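Notes follow once the structure below has been shown.
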Amino acid sequence: MIALWDGLPAETQDIALVVLLILPALIVGRIVLRGYAPWPLIGALLWRFRWANGLFVLLIAVSVGMGIGLLAQERGLRQGTAAAADKFDLVVTAPGSEITMMLAAVFLQPSDVPLLDGATYAAIAGHENVALAAPLGFGDSFGASPIVGTTAEFAIHLSDGRIEGRMWQDYGEAVVGALTPLQIGDGFIPAHGVGDGAEHDAHGGEELHVVGRMGATGTPWDRAILLPIETVWDVHGLANGHAPEHGEQIGPPFDPAYFPGTPVIIVRANELWANYALRSEFITDRTMAFFPGTVLGNLYRVLGDIRQAISLMTLVTQSLVAASVLLGLFILSNLFQRQLALLRALGAPARFVFAILWSYGAVLLVVGAAFGTVLGMIAATVLSRVISARTDILVSAPIGWSEIHYLAGFISLMTLLSLLPALAAFRKSIVAGLRS
Amino acid sequence: MLTRRAFALIALTFPLAARLYAQEGTIKLRDLYNKDLSFSELAISLEGKRIFVDGFMAPPLKAESDFFVLTKKPMAVCPFCESSADWPDDILAIYTKRTVKVTPFNVKILVHGVLELGDMTDPDTGFVSRVRIVDAKYK
Amino acid sequence: MTMPLSVTDCVVRSDRGRVLLSVPSLELGPGVSLGIRGPSGAGKSTLLYALAGLSDRAEGSIRWGDTELLALSTARRTQFRAAWIGMIFQDFLLFDELGALANASLPAMFAPRSDRSALKTRAGAQLAHLGITALKRTVDSFSGGERQRVAVARALSNDAGILLADEPTASLNRDAADALIADLVAKVRNNGKTLIAVSHDAHLLDSMDQIISLTDGQIETPSGARPA
């Protein structure tokens, strides 16, 4: 049995789980409604109390929507940030906080980071299993765009080669991210620093030119302006990474003696095992090496605990809302007590009245849950847009299987619970009902 | 190519390995290989079957992926040397059924999935693996 | 198809134990119509509900043909009602959100699947016979007379042999009431049904075969004697 289950594809398991979770509701519905055709009557009662019912549905929808939106959003955030870190297998920096360094290197959050020297860079770049070793030079900006000095190989790696226009070939040239306001052919003057404190005239007004534009990556790098790292060193009045006799060279190899330093080296290995070997090799007293994927994975683990607490809370809230709605229904059922007594007088069994009451509640729950799903999707979409706009991390939060499981479980649980108020059908005296 | 001596060695180790498997139901990483790093009889006999392997989750390269590396020892420090020579019998590529939830590198996990032998290049990362557990779950 | 009624020593008490109705003996032949009159609170409706098997507090014997109603469980009494009795109320008790046909064929919703289409056909035929042609329009737009006709069609949809009516004309104007009385009496006469109607309406009572008067839960006029 377990072996059979393990052998099923994930999708089949998910579908099976939905069926399993919704099954109690279906079975109860089948048993309660067996032999009856009460839908026109239920429709009539629902329509009679449409305002109260609308309010009930809204309450359920909002509570369900919050739960679903939150679950979808959390996953969307995880996937978005994970995708943003996809191009960054191994990051080598000076020792410090992995999270700070990851935020700086992967998510381009400005922070004060110490430098790695030329010898370290040469050791990494020269390693036999290293396919790509890109220095990143931060610190300057243009408007809202951080300026990052690096190598052409990294720009191509980052954009998967999708560069409109061309790659830089000289000092004064730049390649911009998809969300920067600059167009190919525009000139700009970098400011020293980032944000409100940036000094606009610090670099003597040397104008740079945009020659290429990268395709959208869905990461904060879409906002960035990429330059040859030599340019960044140069405008700061540092050596440019090459011996004077190669002074015009752009890109690696760099001469360690003329290497001013880089806060971050992005490494891509040509073999899986080499990532681990390099990581352990460069965890030294002067360098730190980490996988952004691991840092994020650990963050998600912590987030996952929080999510579980939050989803438990929303589930409780949701159940309380649904329970109060059922209580409301119970009270409402007094309003149509006469109609229910009439049915009994016409020869309807108590079970028929029970079926009417249960179906009434079940319809509200299912409709509320359906609207809640739509609400949750809208909420998650809006929230994703806001987050994407603020962070430049492409976040999309479509409804996934876990939300559908959550819904199915909620519907089953509540339809079982709504058997309780429907029991009122058995307790009322028919004569009292007719006279009321 | 197997030498006569290696063959004898397999013949000796195989019943032992098989018994271990039978007792615990759990494969040790090293049992999948012969001394010359060819696949063991046990590995070949279990190819395409669902097996249990225990070990530790190496810090994953990617977040939200369906892939991780299972190591024999916790990877506080790199358990293998700087060359690929020790790579095969110390670590195992795991392709999971569902997105990996990261387990700390020092917590022992039990992986359950289908054993696959032979070189395969990961279409996403381009990394090559010789042995894999696919469609895996772990706890 | 109908059957005779025989009530013996039937007592209905309120939940505080006060006697609401006490009928030592009431006999009614099959296919006979009976009017029940009396002041408000005399126990007329209580008697009608007891005869329908709706009362939980009735003691003694209420016998329809061979069926001792008070000996049956609630569920069996419900079954008996579904098979034999049609009920009509003062304020119609229709579902305003449903059309005439849906209201008239309401018992089809809980009838066995095999009986449903026959029941609906019968409800439609009764409506047509009673002059209701707008079958789909919701009944909230109907006049009082039309609504009570729908209620009558509903009472007859199960081909009940016994019709129990509680002030069926009290909510209608004189003309509508007279028309309804004519239709109702014609229906029971032509089809040999038993009709028991609680009413203050002299026109209705005059059309009945027999009349009894209730005061304080007691029958005054001996049954079987129609006032001249």
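Since the model is a prediction, treat every value here as computed from it, not as a measurement.
Residue A:Ala10 touches chain B through both its backbone and its side chain, counting heavy-atom pairs closer than 4.5 Å. Contact of A:Ala269 with chain B is made through the backbone alone, with heavy-atom distances under 4.5 Å. Contact annotation for A:Arg301: only side-chain heavy atoms (C-beta onward) come within less than 4.5 Å of a heavy atom of chain B. Proximity to chain B involves both the backbone and the side chain of A:Asp89, based on heavy atoms less than 4.5 angstrom apart.
Between A:Phe291 and A:Tyr276, some side-chain heavy-atom pair lies under the 4.5 Å cut-off.
A salt bridge links B:Lys62 with A:Asp86: the distance from a Lys NZ or Arg NE/NH1/NH2 to an Asp or Glu carboxylate oxygen falls below 4.0 Å. A salt bridge does not link B:Lys97 with A:Asp6: every distance from a Lys NZ or Arg NE/NH1/NH2 to an Asp or Glu carboxylate oxygen is 4.0 Å or more. A salt bridge is defined here as a Lys NZ or Arg NE, NH1 or NH2 lying under 4.0 Å from an Asp or Glu carboxylate O, and A:Arg75 with B:Glu64 fails to meet this definition.
For the set A:Leu296, A:Leu278, A:Leu8, the count of heavy-atom pairs under 4.5 angstrom toward chain B peaks at A:Leu8.
The cationic group of A:Arg268 does not satisfy the cation-pi geometry with A:Phe154, failing either the under 6.0 Å distance to the six-membered ring centre or the 45° limit from the ring axis.
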